[in-house]
K.L.:
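Once you've had a glance at the structure underneath, I'll fire off some questions.
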Amino acid sequence: EIPDGEALCIVGRDAVGDIVMVTAGKAFDARERSFSDIIRAGDFYSIRPARNAPQLRTDITAPVASIMRGNLAYCGGIWVRPDYRGRQLPSVLAHLTNACMATLWNPDYFLGFVRHDLVGSGLHSRYGYVHHEPSLTVHDATREIFRAEFLWMTRDEGTQALAEFHGSFWSQADRAVISGNRKQGV
């Protein structure tokens, strides 16, 4: 079990109640250790590190992760059903999750990860994160199985990103309502 108040899950449903999008957020107390320490201890993926698969190893080389301390808020695991993709929903979910985490946990840092190959596409910038650094890697016994770019921003940067997204989002929604376009991409 995850202790009360340390995680959240946002589920989006369509008109008939089917799940069309999901994301999650988790709070980390890094007052006594750095974010790198949390990753290396296995506490990032599990509340029971002893149950983590022993053949998996996670490394983080982003320099800021070794000095990042305080209240941390991680947004991750965004999934959108294929027929709902192309509507900017991951961006909306990331900002919504960060807004909820800001309200619940007042984090010193907002954190996220995006697949390493997506950074060049600019997709990562739609999530609102101000900084990105390589990298987080997950290895099994014989090979690297996942590489991600570490996304982050401070509390003040996160507040600014949320304000900018809010202004942009509502101006797009207002234009859709005025023009009668109910299939707006947000």
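Each residue takes its place number in the sequence, starting with 1.
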K.L.:
Is the distance between the ring centroids of Phe146 and Phe113 under 6.0 Å?
P.N.:
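No, the ring of Phe113 stays outside the 6.0 Å limit from the ring of Phe146, centre to centre.
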K.L.:
Which word best sums up how the rings of Phe150 and Phe35 line up, parallel for under 30°, tilted for 30 to 60°, or perpendicular for over 60°?
P.N.:
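Parallel.
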K.L.:
For the side chain of Thr61 and the backbone of Ser135, is there at least one donor-acceptor N/O pair under 3.5 Å apart?
P.N.:
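Yes, the answer is positive, given that a donor and an acceptor are paired below the 3.5 Å cut-off.
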K.L.:
Does a side-chain heavy-atom distance below 4.5 Å link Trp152 with Met68?
P.N.:
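Side chain of Trp152 against side chain of Met68, heavy atoms only: contact under 4.5 Å found.
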K.L.:
Quick one: pull up CZ in Arg115 and CZ in Arg147 and give me the separation to the nearest 0.5 Å.
P.N.:
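If I round to the nearest 0.5 Å, the distance is 13.5 Å.
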K.L.:
Can you tell me how far the CG atom of Leu151 sits from the NE2 atom of His131, to the nearest 0.5 Å?
P.N.:
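The CG atom of Leu151 sits 11.0 Å away from the NE2 atom of His131.
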K.L.:
Judged by atom type as modelled, is there a donor-acceptor pair below 3.5 Å linking the side chain of Tyr109 to the main-chain atoms of Arg69?
P.N.:
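No; judged by distance alone, with no hydrogens or angles, the pair does not exist.
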K.L.:
Can a donor-acceptor pair be found, under 3.5 Å and without considering hydrogens, that links the side chain of Asn71 to the backbone of Asp108?
P.N.:
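Side chain of Asn71 to backbone of Asp108, a donor-acceptor pair under 3.5 Å: no, none is there.
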K.L.:
Yes or no on side chain to side chain contact (heavy atoms under 4.5 Å, CB included) for Ser34 and Asp37, after CA distance, side-chain angles and deciding distance?
P.N.:
CA-CA 5 Å; Ser34 71; Asp37 296 334; 3.3 Å; yes
K.L.:
Treating Ile, Leu, Val, Met, Phe, Trp and Tyr as nodes and any side-chain heavy-atom pair under 4.5 angstrom as an edge, say whether Leu162 and Tyr129 lie in one connected cluster.
P.N.:
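No.
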K.L.:
Find the distance between CD (Glu6) and CG (Asp29) and round it off to the nearest 0.5 Å.
P.N.:
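The CG atom of Asp29 is 8.5 Å from CD of Glu6, to the nearest 0.5 Å.
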K.L.:
Going only through I, L, V, M, F, W and Y residues with side-chain contacts under 4.5 Å, is there a path from Ile10 to Val114?
P.N.:
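Yes, same cluster.
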K.L.:
Would you give the length of the straight line joining atom CD1 of Ile78 to atom CE of Met21, rounded to the nearest 0.5 angstrom?
P.N.:
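CE of Met21 is found 11.0 Å from CD1 of Ile78.
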K.L.:
Could you go through Glu157 and Phe110, starting from their C-alpha distance and side-chain angles, then the distance that decides it, and tell me whether this counts as side chain to side chain contact (heavy atoms under 4.5 Å, CB included)?
P.N.:
CA-CA 9 Å; Glu157 291 167 334; Phe110 294 89; over 6 Å; no
K.L.:
Judged by atom type as modelled, is there a donor-acceptor pair below 3.5 Å linking the side chain of Arg155 to the main-chain atoms of Pro107?
P.N.:
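At least one qualifying donor-acceptor pair exists.
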K.L.:
Hey, could you give me the CZ/CZ distance between Arg57 and Arg40, rounded to the nearest 0.5 Å?
P.N.:
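So the gap between those two atoms works out to 11.0 Å.
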K.L.:
Check Gly76 against Thr23 and note the closest heavy-atom contact, atom names and distance.
P.N.:
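Closest approach of Gly76 to Thr23: O-OG1, 3.4 Å.
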K.L.:
Rounded to the nearest 0.5 Å, what separation is found between the CZ atom of Phe165 and the CG atom of Leu96?
P.N.:
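So the CZ of Phe165 and the CG of Leu96 are separated by 9.0 Å.
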K.L.:
Do Gln88 and Ser91 have side-chain N/O donor and acceptor atoms under 3.5 Å apart?
P.N.:
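No pair is found: no donor N or O on one side chain lies under 3.5 Å from an acceptor on the other.
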K.L.:
Same hydrophobic cluster for Tyr84 and Trp79, using side-chain heavy-atom links shorter than 4.5 Å among ILVMFWY?
P.N.:
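No; Trp79 is not reachable from Tyr84 via cluster members.
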K.L.:
Is there a path of hydrophobic side-chain contacts, each under 4.5 Å between heavy atoms, that joins Met101 and Val130?
P.N.:
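Hydrophobic grouping puts Met101 with Val130.
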K.L.:
Please walk me through it: do Asp14 and Arg81 pass side chain to side chain contact (heavy atoms under 4.5 Å, CB included)?
P.N.:
CA-CA 11 Å; Asp14 64 13; Arg81 199 171 74 189; 3.6 Å; yes
K.L.:
Main chain of His95, side chain of Asn98: is a donor-acceptor contact present, judged purely on distance under 3.5 Å?
P.N.:
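Checked: no pair found.
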K.L.:
Considering all heavy atoms of both residues, which atom of Ile19 and which atom of Val22 are nearest to each other, and what is their separation?
P.N.:
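Closest approach of Ile19 to Val22, heavy atoms only: CG2-CG2, 3.5 Å.
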K.L.:
Could you check whether any side-chain N or O of Arg33 sits under 3.5 Å from a backbone N or O of Ile38, counting only pairs where one atom can act as donor and the other as acceptor?
P.N.:
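Absent.
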K.L.:
Would you please say whether a donor-acceptor pair under 3.5 Å links the side chains of Thr159 and Asp156?
P.N.:
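The criterion, which ignores hydrogens and geometry beyond distance, is not satisfied for Asp156 and Thr159.
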K.L.:
Linking I/L/V/M/F/W/Y whenever their side-chain heavy atoms sit closer than 4.5 Å, directly or via other members, would Ile67 and Phe28 fall into one cluster?
P.N.:
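In one cluster with Ile67: Phe28, yes.
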K.L.:
To check you understand the geometry: which heavy-atom pair defines the closest contact between Trp105 and Ala73, and what is its length?
P.N.:
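Nearest heavy atoms, Trp105 then Ala73: CE3-CB, 4.1 Å.
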K.L.:
Which atoms form the tightest heavy-atom contact between Gly128 and Ala161, and what is the distance?
P.N.:
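The answer is O-CB, 3.5 Å.
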